[in-house]
**Q** 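Take this structure, written in structure tokens, and hold onto it; I'll ask about it next.
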Amino acid sequence: MPETIRVTLPDGSSRDVAPGTSAREIAEEIGPRLAKAAVAARVSGEVWDLNRPINEDITLEILTDGDPAALDVLRHSAAHVLATAVRELYPEAKIGFGPAIQDGFYYDFEVPRPFTPDDLEAIAAKMREVVRADYRFEREEVDREVARGRFEDDPLKLERLDEFADDETISLYTDGPFIDLCRGPHLPSTGRLKHFKLLHAAGAYWRGDSRRQMLQRIYGTAWFKSADLEAYLHRLEEAERRDHRVIGKRLDLFSIQDEVGPGLILWHPRGAVIQFELRRFIEDEILKRGYQLVYTPHVTREALFVRSGHLPIYAEHQFPPMAAGEGESEEVRYRTKPMNCPMHTLIYASQQRSYRDLPIRLAEIATVYRNELSGTLHGLLRVRGLTMDDAHIFCREDQIEDEIYDILDLSDLVLRTFGFEYRLDVATRPEKKIGDDATWEVAEQALMRALDRRNLTYGIDHGGGAFYGPKIDIQLKDAIGREWQGATIQLDYQLPERFGLEYTGADNRPHRPIIIHRAIYGTLERFVGCLIEHFAGAFPLWLSPEQVRFLPITEQQNATARALRQRFREAGVRAEVDERSETLNYRVRDGELMKVPYMVVIGQREVQDGTVAVRVRGAGKKQEIVPADTFLERVTGEIASRALVPYGSA
RNA sequence: GCCACCGUAGCUCAGUGGUAGAGCUCUCGAUUCGUAAUCGAGUGGUCCGCGGUUCGAAUCCGCGCGGUGGCUCCA
């Protein structure tokens, strides 16, 4: 072992220390403030415990609580503290895995009885004791036999141990009474965990495998600063406040009823308006871009899905077959469609195509049915009857790039209209795939060139493509920073093969086209659900179910209000009159709660002057008195431009 | 589908073995009002369903249906 080892710091300086020195000791040398703030260390790129001895030349970065990697360390340690507490309270509990996750951590336990909310409180109290005891996290590297000895009574850990390669380092971490098989790193001691909260318990299969036993998982969150914990809990509340299921009920947008069935949406008039506007928007845009609309049946012969290759893979997500006509043969069994592509493919195949005809872009906003597992259904976000804004583009290989470019342009236009930011990922060839590498290379390059031409940055999901082609996924970011699965653009070499699609090339020989599947909204159900939460029910004017509500002050103004309503309706504005025999205050409150963008008060003065007194949603008392014509002009302008904010507030 | 929790009026919810309740909504009457709840009266229930225990079940038990949070899968 060398006399000294060289440690290079982020500022480029270096110092020589004795082998076995820990990052903590180096931090102390640099300064007491740094040593106190230190959480962990990045040693030659890898995150280490502060206490772990360093034995070779390295680069060293001391991680303080400002570093995102430090949060992971904190949360991972919080998971161990949780397990420590559970083991103290329930010595018979078997431990599973307990990692840090986005915003928090969890730990899985095998226990004879699930945890109740009261149990969680007791566990949290015990955790605070563990924190007060300030146990050091001790790392230890051992061989397999020693490790097996330590986990004699923990079958789940033993199972994991068996998977270690012979040359793999097996490390154990101890904090007070608790020992765990763990790669680390951890906080220096349990006392560093200050701001945490256990959130809920849930069942989780051992190793995510539904054939294995179910463990009990406890979720929690942890932060370095009390303010961060508060902010996070507030964010959870905010998300709850925006829950589309609650807002959907309150604003009378949709319902899901037992008599119809789970996952099947009844769109009430106010919700149907939103869908109608979304359809109108996308259909206008795609017609400008050379798409053609088609309509296809909801039910088809089962044999179609056999030919398309969907049935063997997809059957468990499809509703069972129904018999139409006589007999039981495959020829007369029908299925509701879980997707539209086979039928669009048949439209393509219905005549001979020339290379000059391509690309052919077939679009259909169609409801398809998928028999999703009951436990996965969730409001509008996961349903069984889903309406896709679907399109299939049949094109030549040399057209892929331009088509992708145009789809990216379309999705950018659409998403920005709603004020969404987004990020993109390209999913490349997986292990199991059809087609040769050369073809994949061409396809992947075309996707990336199109993205580059639009100056978009994107991540690459290596091996994340479907077996039949690469794809681009778009993740939306909503008003409170949550991500949603948005558009997908999927290249498909498989379906043209299965249906023997062809076009005649300039060489007068048959060629095989490529299919691009693409949906911009994804599904209208999910997209509307996302919009409800994004806008917290306060839709921009063009999407608002009711755009203008006239409030006559007394019955004397009812006739004027009705006449205005008619004029506005004829100009394409969704206008109503609230002439209920209630106080103005009452009706204003109702309009605000229903998130009507404009309330227009009509009193004696307005009737006389031909004006309206406009109250803007959310703006309180402040009103503006303008001629009725001026207001109508502004409203129609705001609708036509699909503005995100009311006029005058931009 | 699996695990846990939950299911009472249109909505939000109280009611833990002894005659089903509140607020809002809705209907009717009065009120005619200038920017977030006017007053009064009334309607409204298979306490999710079926079975069991009990003299007696919204309440306890079993099964089913549905919802919620997860697991899994996906858009």
Side-chain angles (χ1 to χ4, degrees), chain A residues 106 108 111 113-117 119-120 199-219 240 243 245-246 249-250 252 255-263 314 316-317 338-339 368 370-384 386-390 466 473-474 484-488 490 517 519-527 529-530 549 551-558 579-594 599-606 613-625:
Chain A
Y106 67 78
D108 286 340
V111 281
R113 137 189 105 71
F115 298 111
T116 65
D119 294 337
L120 287 194
L199 297 172
H200 49 258
Y205 295 110
W206 170 233
R207 316 209 79 165
D209 184 340
S210 59
R211 290 165 304 191
R212 308 293 303 268
Q213 73 268 41
M214 180 154 287
L215 308 180
Q216 295 303 316
R217 175 171 298 178
I218 297 176
Y219 284 92
E240 205 171 325
D243 190 321
R245 294 162 302 178
V246 176
K249 190 178 278 182
R250 209 163 56 218
D252 194 19
S255 62
I256 301 167
Q257 300 185 30
D258 285 5
E259 279 191 271
V260 176
Y314 220 76
E316 61 173 325
H317 288 294
M339 60 260 305
V368 299
R370 299 183 184 176
N371 195 7
E372 301 289 356
L373 296 178
S374 62
T376 65
L377 300 176
H378 181 85
L380 293 177
L381 302 183
R382 178 153 323 259
V383 294
R384 284 182 174 154
L386 40 137
T387 309
M388 309 176 73
D389 67 314
D390 206 3
D473 276 320
I474 300 185
W484 303 68
Q485 172 65 49
T488 39
Q490 170 80 58
H517 306 252
I520 304 296
Y521 295 134
T523 75
L524 291 178
E525 287 78 10
R526 172 175 287 188
F527 200 77
C530 174
R549 181 179 289 187
L551 305 180
I553 290 181
T554 74
E555 283 173 4
Q556 306 301 310
Q557 292 87 39
N558 284 358
E579 53 183 37
R580 287 177 296 177
S581 169
E582 297 286 355
T583 59
L584 186 64
N585 274 333
Y586 180 94
R587 287 176 291 155
V588 165
R589 177 180 152 85
D590 187 67
E592 286 287 350
L593 292 176
M594 292 304 284
M599 271 184 280
V600 177
V601 175
I602 308 292
Q604 204 49 53
R605 291 200 296 272
E606 287 75 20
V614 180
R615 179 189 166 108
V616 180
R617 175 181 61 202
K621 258 185 197 180
K622 177 176 66 179
Q623 65 165 359
E624 193 190 4
I625 298 178

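Just so we're clear, the structure is a prediction, and the values are computed from it rather than from any experiment. Just so we're on the same page: letters track the sequence lines, and every chain starts at 1.
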**Q** Please give, in whole Å, the distance from B/rC33 C1' to A/Arg605 CZ?
**A**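 Result: 13 Å.
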**Q** Checking side-chain polar atoms at under 3.5 Å, does A/Gln257 have a donor or acceptor matched by the opposite partner on A/Ser255?
**A**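 Checked: A/Gln257/A/Ser255 side chains pair up, N/O donor to acceptor below 3.5 Å.
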**Q** How far apart are the C-alpha atoms of A/Gln557 and A/Gln604, what are their side-chain angles, what is the distance that settles it, and do they pass the side-chain contact (heavy atoms from CB on, under 4.5 Å) test?
**A** CA-CA 7 Å; A/Gln557 292 87 39; A/Gln604 204 49 53; 3.0 Å; yes
**Q** Picking from B/rC71, B/rA75, B/rG34, which would you name as closest to the side chain of A/Arg526?
**A**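 Closest nucleotide to the A/Arg526 side chain: B/rA75.
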**Q** For A/Gln485, answer base if it contacts any base atom (sugar-phosphate contacts may also be present), sugar-phosphate if it contacts only those atoms, and nothing otherwise; contact means non-hydrogen atoms under 4.0 Å.
**A**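 Sugar-phosphate contact only.
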**Q** Nearest 0.5 angstrom please: A/Asp389 CG to A/Thr523 OG1, how far?
**A**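 Between atom CG of A/Asp389 and atom OG1 of A/Thr523 there are 8.5 Å.
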**Q** NA contact type, A/Ala613, heavy-atom cut-off 4.0 Å: base, sugar-phosphate, or nothing?
**A**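 Counting heavy atoms under 4.0 Å across all strands, the contact made by A/Ala613 includes a base.
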**Q** Please work out if A/Gln557 contacts a base, only the sugar-phosphate, or nothing of the nucleic acid, heavy-atom cut-off 4.0 Å.
**A**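 A/Gln557: no heavy atom of the nucleic acid under 4.0 Å.
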**Q** NA contact type, A/Gly603, heavy-atom cut-off 4.0 Å: base, sugar-phosphate, or nothing?
**A**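 Here A/Gly603 touches the bases of the nucleic acid.
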**Q** Would you mind reading off the distance between A/Leu551 atom CG and B/rA36 atom P, rounded to a whole angstrom?
**A**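 Between P of B/rA36 and CG of A/Leu551: 11 Å.
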**Q** Can you tell me, in whole Å, how much space there is between the P of B/rG64 and that of B/rU72?
**A**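 My reading of the P atoms in B/rG64 and B/rU72 gives 25 Å.
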**Q** Write down the distance separating the C1' atoms in B/rU54 and B/rG69, rounded off to the nearest Å.
**A**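 Approximately 36 Å lies between the C1' atom of B/rU54 and that of B/rG69.
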**Q** Would you kindly compare A/Arg245 and A/His317 by the position of their nearest RNA chain B nucleotide and give the one closer to the 5′ end?
**A**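 Here A/Arg245 is the residue nearer the 5' end.
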**Q** Does B/rG34 have OP1 or OP2 under 4.0 Å away from a side-chain N or O of A/Lys621?
**A**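 Negative; the distance criterion is not met.
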**Q** Over how many whole Å does the gap from A/Asp108 atom CG to B/rC3 atom C1' extend?
**A**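 These atoms are roughly 12 Å apart.
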**Q** So what does A/Gln556 hit on the nucleic acid, given a heavy-atom distance under 4.0 Å: a base, only sugar-phosphate, or nothing?
**A**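 No contact.
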**Q** Which of these nucleotides, B/rC71, B/rG34, B/rA30, is closest to any side-chain atom of A/Ser581?
**A**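 Comparing B/rC71, B/rG34, B/rA30 against the side chain of A/Ser581, the answer is B/rA30.
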**Q** Distance between the C1' atoms of B/rA22 and B/rG15, in whole angstroms?
**A**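 Their C1' atoms lie roughly 11 Å apart.
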**Q** Go through B/rU12, B/rU38, B/rA36 for me and flag the one nearest to the A/Lys249 side chain.
**A**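 Output: B/rU12.
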**Q** With both distances under 3.5 Å as the test, what is the Watson-Crick or G-U wobble partner of B/rG40?
**A**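 For B/rG40, the partner nucleotide comes out as B/rC28, under the 3.5 Å rule.
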**Q** Look through every strand shown and name the nucleotide pairing with B/rC47 as Watson-Crick or G-U wobble, where both distances are under 3.5 Å.
**A**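 Matched B/rC47 with nothing under the 3.5 Å cut-off.
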**Q** Looking only at atom C1', what distance separates B/rU16 and B/rA20, rounded to whole Å?
**A**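 It works out to 14 Å between them.
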**Q** What's the closest nucleotide to the A/Arg615 side chain, out of B/rU38, B/rA36, B/rU72?
**A**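 Looking only at side-chain atoms, A/Arg615 lies closest to B/rA36.
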**Q** Answer with base, sugar-phosphate or nothing: what part of the nucleic acid does A/Gln604 contact at a heavy-atom distance below 4.0 Å?
**A**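 Base contact - A/Gln604 has a heavy atom under 4.0 Å of at least one base atom.
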**Q** Round to a whole Å and report the spacing from CG of A/Leu386 to P of B/rA75.
**A**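 So the CG-P distance, A/Leu386 to B/rA75, works out to 10 Å.
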**Q** Please report the distance separating the P of B/rC5 from the corresponding atom of B/rA75, rounded so that it comes out in whole Å.
**A**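 Here B/rC5 and B/rA75 have their P atoms 33 Å from each other.
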**Q** Is the backbone of A/Glu579 close enough, under 3.5 Å, to the side chain of A/Arg587 for a donor and an acceptor to pair up by distance?
**A**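 No; judged by distance alone, with no hydrogens or angles, the pair does not exist.
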**Q** Tell me whether A/Glu592 contacts the main-chain N or O of A/Gly618 through its side chain, where contact means a donor paired with an acceptor under 3.5 Å.
**A**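 Checking the backbone N and O of A/Gly618 against the side chain of A/Glu592, a donor-acceptor pair under 3.5 Å is found.
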**Q** Tell me which nucleotide among B/rG1, B/rC33, B/rU68 gets nearest to the side chain of A/Leu373.
**A**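 It is B/rG1.
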**Q** When you measure from the side chain of A/Arg217, which nucleotide among B/rC33, B/rU68, B/rC71 comes out closest?
**A**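 Nearest to the side chain of A/Arg217 among the choices is B/rC71.
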**Q** Would you say B/rU31 has OP1 or OP2 under 4.0 Å from some side-chain N or O of A/Tyr586?
**A**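 Result: no.
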**Q** State which of B/rC33, B/rG34, B/rC71 makes the closest approach to the side chain of A/Glu606.
**A**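 Per side-chain heavy atoms of A/Glu606, the pick is B/rG34.
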**Q** Under 4.0 Å between any heavy atoms, over every strand shown, what does A/Leu381 touch: base, sugar-phosphate, or nothing? Just pick one.
**A**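 Since a base atom lies under 4.0 Å of A/Leu381, the category is base.
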**Q** Expressed as a whole number of Å, how far does the P atom of B/rG45 sit from that of B/rG40?
**A**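 Straight-line distance between the two P atoms is 25 Å.
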**Q** Using the C1' atom on both, measure B/rG17 against B/rG56 and round to a whole Å.
**A**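 Here B/rG17 and B/rG56 have their C1' atoms 8 Å from each other.
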**Q** Donor-acceptor check, side chain of A/Arg370 to backbone of A/Pro338, threshold 3.5 angstrom: yes or no?
**A**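 Answer holds: yes.
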**Q** Of A/Gly486 and A/Val588, whose closest RNA chain B nucleotide lies nearer the 5' terminus?
**A**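 Per heavy-atom nearest nucleotide, the more 5' residue is A/Val588.
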**Q** Tell me whether the OP1 or OP2 atom of B/rC26 has a side-chain N or O from A/Arg580 closer than 4.0 Å.
**A**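 Answer yes for this pair, as a side-chain N or O of A/Arg580 is under 4.0 Å from OP1 or OP2.
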**Q** Does B/rC11 have a Watson-Crick or wobble mate here (both distances under 3.5 Å), and if so which one?
**A**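 B/rC11 is paired with B/rG23.
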**Q** Is B/rC60 paired to anything, Watson-Crick or G-U wobble with both distances less than 3.5 Å, and if yes, which nucleotide?
**A**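 Base partner found: B/rG52.
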**Q** Pick the P atom in B/rC26 and in B/rA4, then give their distance to the nearest Å.
**A**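 Between the two P atoms, the distance is 42 Å.
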**Q** I need the CG-P distance between A/Leu199 and B/rG70, as an integer number of Å.
**A**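 After rounding, the gap between these two atoms is 10 Å.
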**Q** Is there a side-chain contact (heavy atoms from CB on, under 4.5 Å) between A/Met388 and A/Val368 once you walk through the steps?
**A** CA-CA 8 Å; A/Met388 309 176 73; A/Val368 299; 4.1 Å; yes
**Q** Within this structure, what is the NE2-to-P distance between A/His378 and B/rA75, rounded to whole angstrom?
**A**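 Roughly 18 Å, once rounded to whole Å.
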**Q** To the nearest Å, give me how far apart CZ (A/Arg382) and P (B/rU68) are.
**A**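 About 13 Å, once rounded to whole Å.
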**Q** Contact class for A/Leu377 (heavy atom, under 4.0 Å): base, sugar-phosphate, or nothing?
**A**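 Since only primed, P, OP1 and OP2 atoms lie under 4.0 Å of A/Leu377, the category is sugar-phosphate.
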**Q** Rounded to the nearest angstrom, tell me the gap between atom OH in A/Tyr219 and atom P in B/rA4.
**A**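 Computing the A/Tyr219:OH to B/rA4:P distance gives 16 Å.
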**Q** Looking at B/rG34, which nucleotide sits across from it as a Watson-Crick or G-U wobble partner, both distances under 3.5 angstrom, or is there none?
**A**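 Pairing partner, where one exists within any strand: none, as none qualifies.
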**Q** Please check the phosphate of B/rC33 (OP1 and OP2 only) for any side-chain N or O of A/Thr583 closer than 4.0 Å.
**A**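 For B/rC33, neither OP1 nor OP2 has a side-chain N or O of A/Thr583 closer than 4.0 Å.
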